[in-house]
Amino acid sequence: MLEDFSWFILVPIWVSILIMGARFLGIGFSKRNTVLMSILSTLISSIYCGYALFYTCNNSPVEVSYNFLSIRELNFTVGVYVDMLNSLIGLAVSIITFIIYIYSAFYMDKEKSFARFYSLMNIFNSTILGYIFSPNLFQMLIFWELIGAVSYLLIGFWYNKAKVSVDAKRVFVINAIGDVLLFLGFVIVSMNVTDLLNDMSLVSLPFANLNLIVSSFYASTTPEIYSFVSLLFVFAAIVKSAQFPINSWLINAMSAPTPVSALIHSSTLVMTGIFLLMRIFPLVASNILSLKIMIVLGSVTALLTSFSALLQTNIKKVLAYSTSSQLGLVIIALALYNPIASIVYLVSHAFIKALLFMCAGVVIKIIKSKNILFMGKFRECSPIVALSFLVGALALSGLGFSGFNAKSLLANVFANTFYLNFLFAIIGALTSLYIFRLYFLVFENKAGYECSDLENYNNPKYMIAYGTLIFMALAIILSSFIIPNGHFSVLYLLNLFMGILAYYLYNFRNNFKLNSTLYHIIVNGFYINKIYYWGEIYLYKFFTKLISLFDTYILGGIEYLVRGVMLTLSKVVHQLQVNNFQSYICYGVWCLLFVMGIFIGLYSMILNIFGV
C-alpha cells in the first residue's frame, strides 16, 4: 500500500503550480482557498507518514524506484524509500508544517504576495519530503540543492528590502559550500563502489544496500581517502545544520518572515545536515577522525552560541543561536554512537523551537519591534502567548514536558565522559538562563508597555494564532508521555537554579549596562560573520587584482605580440611584391620545400615515438 501512495510528495508542488498558475492567468484564488489547499496538501503527507511509521514498526522498509537518467550503462534512479527513521522525521515535519500553514494565514494576512508565499512554502514542503524519503544519495543530492534554492526565495521573500536581499544571497552562497562537499563525496563513493563491484545499479548509492556500499568503499580505497570522503559528508552536514565555523548564516536567515523561521530554521532546513549523517551513519561511524571532529565542532558550537544567545536583544536572534546550540548537542550524541537519543531530541526540539518562534511572531506582530529591551508585561496583554512560550521554555531548558525526557536521554549519553558531562551541564545552565531571560524580559518585566498602548492585541484574527500556539503547546506536553520517562539529577537542579536566577535578574529590570570588550565579542557572535565578511572583501580584492594583472600583462601581451607579428608579416609580404613572375615561382618552391620539411620531420618524430 505504501508503494501505491508514493505520489504524495508531489501534492504540494501541484498545489503550488495551481496557486501561481491561477494568479498568472488572472484568476487567483481567495486567501481562504489558498490556505485550505495548502493545509490539505500537508494533511495528506501527515497521514501518509503516520501510516508509514505504523507500518515500518512491524515490517521491513519499502522502496519504490524509477529510472531518472541513463548515461550508457549508468542508470540513476529516483523514488521513495520508507523506513522508521524517515517516517518519524517526515511525520514531525508534516505536523509542524500543517500548524505553521494555519499560523501563516494570520501572520501573512496583509501581505500583497500572499499567494507567492504559500506557493513557495508548498514547494519547500515537497522538496523536504523528497529529501527525507530519498531512496538513494543521488536523489538526496538533488533535493539538497532544491532545499537551498527554495529557502533562498523564502528568506528573501521581502526582496525589496536591501538588507533582506543581501542576507538571502549570503545564506545561499554559504550553503552552496555544503552542496559542493556533498557532491564531491557522492561522486567519489559512487565511482569507487561501481568500479570495485562492477555493478552499475549501485551508481545512485541506494540506502537499501548501504552496508554493502560502505564495506566496498572501505575495501576499494586507502584509509586516508576514506577519511577524506567521510569528512566531506561531515562538513557538508556542518554547513547545512549551522555549526561552527559556518553557523553565522542562521543569523542572516532571521530576515525571513517569522513563519519561515518557525518552519525551516527549527525543523527542516537545519535538520537536513543531521539527517544526512543519520542516513549514512555507517559510513561516518567507521572513521574515528570524523567522529572526533563532530564532537569538537558540536561542543564549540553549543558553547559559543549559548553565550551569544545570552546577550542578544533581538528576540529571533536569541532563538536562532539557541537552535545552533541545541543541534550541536544532537551532533555530539550522534558521534557518541547513540542515534536514538539524537533522533528523539531532534524531533522534540523541532516542536519546541517551532512553538517559540511562533510565540515570538505574535509578539513582534503586536509590539512592532524585535528588541526585547522594549518589551515587558506582555503576559497581561496576552496570557495565551505567555503560557505557550512558558511551556516551550520549560521544555527547552529540560525542566518539563517532552524536553525533560529528551534531555534525560542526552544526559545518559554524555554521562560516560567527564568533559562532555561537564559541557552538557554548562550548556544546560546557559540554555535555562537565556530562555528564561527572554521569557521574563518579554512577558513579565515591569518596565514594558501598557496593554492600552498596544493596538489590536485582542483582534479576533489573533484567535487563529492562539489556536495554533495551544495546539503546539499541547503536542509538547502530550509527547512527554511517548518519550521514555526522564530522571531527576543534579543537572535538573542546576537548570532550575538558573531559571530562578533569571527571574531575579530580569523580572524587574532590563537596563544592564555592559560595555566590556568581551561583551561586544559575545553579542556579535564572536565576530564570525564579520570575519567572513572581511575575508570576502580581501578575496574579492585579491582576485580582481589578479584578473586585472592577467588582463593587462597576459592578454595585453598576447594582443601586442599578435599585432607585432601581423605588422611584420604585412611588411614582408609587401617587400615580396616585386611584379616579377620568376620571383613568385621561386617563393612558391621555397614555401613548398618548407612545408615538406615540416611534414617529414613530424612523420619521423611519430615513427620514433611509437616505434613503428
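- Residues Val35 and Phe114 meet the side-chain proximity criterion, which asks for heavy atoms closer than 4.5 Å.
- Remark: side-chain polar atoms of Trp144 are not paired, donor with acceptor, to backbone N or O of Thr272 under 3.5 angstrom.
- When only modelled atom types and interatomic distance are considered, Ser325 and Ser306 share a side-chain donor-acceptor pair under 3.5 Å.
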Show your reasoning for whether side chain to side chain donor-acceptor pair (under 3.5 Å) applies to Tyr107 and Thr258. CA-CA 8 Å; Tyr107 196 90; Thr258 302; 3.1 Å; yes

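- When all heavy atoms are compared, the tightest approach of Gly398 to Lys407 is CA-CD, 4.0 Å.
- The backbone N or O of Tyr321 lies less than 3.5 Å from no partner atom in the side chain of Ser324, so there is not a single donor-acceptor pair.
- Formation of a donor-acceptor pair under 3.5 Å by the Ser408 side chain with backbone atoms of Phe404 is found in this model.
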Evaluate side chain to side chain donor-acceptor pair (under 3.5 Å) for Tyr419 paired with Ser299, printing each intermediate quantity in order. CA-CA 10 Å; Tyr419 151 71; Ser299 302; 3.1 Å; yes

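- With hydrogens and angles ignored, the 3.5 Å screen pairs no side-chain donor or acceptor of Tyr118 with any backbone N or O of Lys31.
- Classification of the Tyr51-Phe54 ring pair by plane angle, with boundaries at 30° and 60°, yields tilted.
- The aromatic rings of Phe157 and Phe117 sit perpendicular to each other, their planes meeting at more than 60°, with 30° as the lower class boundary.
- The backbone N or O of Ala52 lies less than 3.5 Å from a partner atom in the side chain of Thr56, making a donor-acceptor pair.
- Judged by distance alone, the side chain of Ser322 and the main-chain N or O of Val318 form no donor-acceptor pair under 3.5 Å.
- A salt bridge links Asp83 and Arg279; the closest N-O separation between the charged side-chain nitrogens and carboxylate oxygens is under 4.0 Å.
- Listed for the Thr468 side chain is a donor-acceptor partner under 3.5 Å among the backbone atoms of Ala465.
- The only member of Val150, Ile147, Ile128 that meets side chain to side chain contact (heavy atoms under 4.5 Å, CB included) when paired with Leu269 is Ile147.
- Donor-acceptor pairing under 3.5 Å is lacking for the side chains of Asn125 and Ser45.
- Looking at Thr42, its side chain does come within 3.5 Å of a backbone N or O of Ser94 through a donor-acceptor pair.
- For OH of Tyr337, the number of neighbouring non-hydrogen atoms (other residues, nucleotides, ligands) closer than 6.0 Å is greater than 12.
- Heavy-atom neighbours of Phe281 CZ from other residues, nucleotides or ligands within 6.0 Å: above the threshold of 12.
- Tyr503 and Glu444 are not linked by any side-chain donor-acceptor pair at a separation below 3.5 angstrom, with hydrogens and angles left out of the test.
- Side chain of Thr301 to main chain of Gln243: no donor-acceptor pair is present (N/O by atom type, distance under 3.5 Å, no hydrogens or angles).
- In this structure, Ser165 contributes its side chain and Ala162 its backbone to no donor-acceptor pair below 3.5 Å.
- A donor-acceptor pair shorter than 3.5 Å cannot be found between the side chains of Ser480 and Asn405.
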